[in-house]
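Down below is the structure, laid out as structure tokens.
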Amino acid sequence: MSASTQEINNLINQEYKQGFVTELETTTFLPGLDEDVISKLSKIKNEPEFMLEYRLKAFRHWQTMKSPEWAFVNFDPIDYQSISYYSAPKRKEDGPKSLDEIDPQVLEAYKKLGIPLDEQERLAGVAVDAVFDSVSVATTFKGKLKDAGVIFCPISEALRDHPELIKEYLGSVVPITDNYFAALNAAVFTDGSFVYIPKGVRCPMELSTYFRINAANTGQFERTLIIADEGSHVSYLEGCTAPMRDENQLHAAVVELVAMKDAVIKYSTVQNWYPGDKNGLGGIYNFVTKRADCRGENSKVSWTQVETGSAITWKYPSCVLTGDNSVGEFYSVALTNNYQQADTGTKMIHIGKNTRSTIVSKGISAGKAQNTYRGLVKVLKSAENARNYTQCDSLLVGDQCGAHTFPYIEVKQPSAQVEHEATTSKISEDQLFFCQQRGLSAEDAVSMIVNGFCKEVFKELPMEFAVEAQALLGLSLEGSVG
Amino acid sequence: MLSIKNLHVSVGDKPILKGINLEIKPGEIHAIMGPNGSGKSTLSHILSGKSGYTVTDGSASYQGKDLLDMAPEIRAREGVFLAFQYPVEIPGVSNVYLLKAALNSIRKHHGQSEVDAMDFLTLVKGKVRLLDMDEKFLYRAVNEGFSGGEKKRNEILQMAILEPKLCILDETDSGLDIDALKIVSEGVNSLRSPDRSFVMVTHYQRLLDYIKPDFVHVLAHGQIVKSGGPELALELEEKGYSWLEDAEASA
């Protein structure tokens with residue numbers, strides 16, 4: 001541990017450090033959801049007509065659906081009429097043209113989170129789209145990206161400026177009928193990021209979106225769409241935080257990735273939504289649909305996620321391996337502490353020939369938390385010589401938590417090779433004592449052992465985020481020893 | 001250095017150590033020998049701070065401080081080192097990372113700054129050569145997939161880098177072939193110094209052929225039944241433990 005015990009203690013004592021609230025003048029809809037609300041939402045965002053139709057179709061379908069109950073999580077039914085579906089910092093009529101026009105309070109909030117939006121202060125090489133409650137407030141390095149032909153903008157802007165791309169790709173990976181939360185998202189999504197990488201372009205910098213829920217009683221429904229055209233290459237990172245509040249807040253996002261021939265998309269997530277307090281009060285419900293379509297030959301999509309936050313996480317970033325020789329990867333660390341619940345995993349659908357997928361899932365459970373891996377590997381008849389390797393490891397800290405693994409494997413092609421390995425282990429007293437006998441505090445020792453356990457996943461993260469993820473794991477394990 | 005007085009230790013309701021007295025001065029090497037179940041491992045565990053033991057009477061002071069009152073990591077930072085009989089594996093954590101974390105926590109405790117990365121590597125590589133280890137060991141996960149001999153050498157490597165004042169070797173010779181035993185012993189001998197003391201817990205005399213003790217103590221039924229010089233170990237080798245145990249029983 002390079003951080004000393006004192007530093008760790010300081011970190012531990014400050015609990016959830018992103019839990020502050022920014023006081024702002026906002027435009028917020030009254031709670032409630034009906035077709036009028038959706039029309040109003042579409043209007044306030046100046047959307048083209050086809051979007052309103054899309055939203056209403058999704059809403060009508062959603063009303064016929066039931067909230068899914070198969071996940072290994074427990075929560076009271078959500079009252080969708082008590083949520084506000086739009087909240088945005090007040091701003092000038094046409095939206096901010098430059099940072100000068102953004103509410104200084106919003107800029108300050110991002111600065112506090114370690115995400116300065118001023119390009120001069122930014123880490124060189126990372127462009128950021130900042131989504132605050134329902135709207136994108138700033139996107140950095142737009143100019144530089146434009147020179148490379150890359151489109152990186154809020155999706156609400158893309159709806160207006162690039163309707164042809166939206167029409168072609170929105171909902172093409174996650175259709176509105178896909179699932180309950182995806183349908184709701186399609187009806188009410190407010191903002192998110194849009195990325196288009198043209199043919200043969202290697203995106204000159206990391207792209208990232210930072211999601212922040214600030215307002216009370218609002219849901220965040222963001223939509224991300226990334227299209228990597230033939231032979232292009234992009235690495236994208238999302239980060240998430242929210243203030244500490246006693247009531248639960250809903251976050252139901254949809255992320256769609258499309259990889260054309262020879263394209264590569266690397267999508268990394270560091271999710272640190274407010275997890276609720278020690279007694280399980282409050283926290284974000286994180287019900288997210290993420291899916292990638294490896295549409296072209298030799299395309300590759302790699303999901304890497306580090307999930308430490310949220311009261312409940314329900315998410316399965318998946319790959320549909322349509323193109324021949326396409327590759328899907330899923331690397332996940334999911335940590336639950338106190339009363340957190342996570343039901344997360346992936347789906348790998350092999351359709352094309354010689355498609356390959358790799359799943360490495362590391363679940364860590366501490367306190368009274370429940371951590372579930374749920375994964376599907378499906379090989380269709382067309383997927384000759386498909387190969388999958390799955391490794392699911394669970395680590396228990398203490399004796400009141402649970403780890404569960406539900407692997408589903410469906411193979412219709414006899415030439416397929418599917419491997420599944422699973423382990424469950426506990427941090428042993430002998431390991432702890434050994435580290436302490438070498439001078440490490442119990443907290444440092446647990447943090448080191450957990451980081452060692454997650455190493456295979458961390459090495460997939462971009463450098464600066466790997467460091468952040470390691471620090472986050474140490475923090476989230478607060479109070480799990482002793 | 002270490003002064004143990006009338007130490008009684010139980011596990012649950014079962015008394016294991018029943019009045020141990022031991023004085024260890026700087027620079028001395030003490031061998032604790034005894035049959036299985038005599039309390040040897042308990043003694044090394046209680047000195048290094050492992051949980052699960054209850055001190056029912058007596059005391060142990062280390063450099064004038066109450067050793068039994070310190071948390072295990074504080075003992076380690078104060079210079080107490082246990083070379084484990086069964087070193088644990090820590091998957092995914094490289095040896096070099098653990099060594100650096102340990103060294104820095106000790107330095108911090110003594111008000112020193114963290115070690116410079118280049119200095120650290122130079123230090124570690126020097127010690128690796130000393131113990132005839134491959135540098136690749138540094139980058140492998142702690143003890144993962146190591147042979148018995150490699151694990152024990154790794155313990156001595158940690159000792160060489162952390163430079164403790166009181167080294168407790170718990171059955172360091174167990175599971176070692178003769179070549180490995182020689183290398184480990186050479187490592188330990190190279191660490192002998194006038195201000196560093198050793199407690200060697202062992203069942204067999206053969207370790208003492210390579211690491212010459214100043215004193216030999218025989219532990220039986222939770223008590224030191226006989227103390228002497230190195231010649232006592234030879235006597236034990238010849239006669240076994242039973243004559244001492246019998247002597248104690250009849251006494």
Side-chain angles (χ1 to χ4, degrees), chain A residues 1-10 331 333 360-362 364 391 393-397 421 423-461 466-467 469-470 473-474 481-482, chain B residues 44-45 47-52 70-95 97-110 112-115 117 120 141-144 151 154-155 157-159 161-164 168 170:
Chain A
M1 203 83 321
S2 53
S4 66
T5 313
Q6 188 55 44
E7 282 163 333
I8 294 280
N9 284 339
N10 291 345
Y331 299 97
V333 167
V360 177
S361 163
K362 304 275 182 178
I364 302 142
Q391 184 190 334
D393 298 325
S394 304
L395 184 69
L396 302 173
V397 185
E421 288 181 23
T423 66
T424 300
S425 53
K426 260 185 89 160
I427 292 186
S428 70
E429 286 193 7
D430 287 346
Q431 281 175 324
L432 265 184
F433 177 60
F434 175 82
C435 295
Q436 286 177 282
Q437 221 301 309
R438 295 298 176 259
L440 304 180
S441 66
E443 278 83 7
D444 285 353
V446 168
S447 177
M448 184 175 81
I449 293 166
V450 168
N451 274 304
F453 175 74
C454 302
K455 198 176 194 178
E456 285 162 277
V457 174
F458 284 165
K459 70 176 173 29
E460 298 295 328
L461 283 174
V467 174
Q470 288 193 18
L473 274 196
V481 190
Chain B
S44 48
H45 288 160
L47 292 177
S48 53
K50 192 172 175 160
S51 61
M70 293 184 218
E73 64 268 30
I74 304 298
R75 299 183 202 197
R77 294 171 199 168
E78 288 279 334
V80 177
F81 183 97
L82 173 65
F84 285 78
Q85 181 178 8
Y86 304 108
V88 294
E89 299 183 1
I90 310 181
V93 176
S94 71
N95 242 338
Y97 187 89
L98 172 78
L99 285 167
K100 197 169 172 202
L103 183 62
N104 279 332
S105 68
I106 291 168
R107 288 175 65 96
K108 181 110 185 169
H109 183 72
H110 294 287
Q112 293 165 311
S113 60
E114 293 201 347
V115 63
F120 177 71
V142 177
N143 294 326
E144 199 181 33
K151 285 183 183 175
N154 206 19
E155 294 290 291
L157 173 68
Q158 290 159 25
M159 191 197 284
I161 286 161
L162 301 180
E163 301 191 318
I168 304 162
D170 190 5

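As a basis for the values below, the full set of heavy atoms in this structure was taken, side chains included, without hydrogen atoms, waters or symmetry mates. The chains referred to below are lettered A, B, ... by the order of the sequence lines, with proteins before strands, and numbering in each begins at 1. Quick caveat, the model's predicted, so the values are computed rather than measured.
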### Query
What option among B:I74, B:L162, B:V93 has the most heavy-atom pairs under 4.5 Å with chain A?
B:V93
### Query
Between A:F433 and B:S48, what is the shortest heavy-atom contact and its length?
CZ-OG, 3.5 Å
### Task
Could you tell me which non-hydrogen atom of B:A76 sits nearest to which non-hydrogen atom of A:Q436, and how far apart they are?
CB-O, 3.6 Å
### Query
Is any side-chain heavy atom of B:P91 closer than 4.5 Å to a side-chain heavy atom of A:Q431?
yes
### Task
Kindly indicate whether the side chain of A:C435, heavy atoms from C-beta on, has any atom under 4.5 Å from the side chain of B:I90.
yes
Starting at [atom1] of [X], measure out to [atom2] of [Y] and round the result to the nearest 0.5 Å.
X: A:R438; Y: B:R77; atom1: CZ; atom2: CZ; value: 13.5 Å
X: A:D430; Y: B:Y86; atom1: CG; atom2: OH; value: 11.5 Å
X: A:F434; Y: B:E89; atom1: CZ; atom2: CD; value: 11.0 Å

### Task
Select one option (side chain, backbone, both, neither) describing which atoms of B:V80 are under 4.5 Å from chain A's heavy atoms.
both
#### Entry: Contacting region of A:E429 [heavy-atom separation from chain B under 4.5 Å]
side chain
### Task
Could you tell me whether the side chain of A:Q437 and the main chain of B:L82 form a donor-acceptor pair under 3.5 Å?
yes
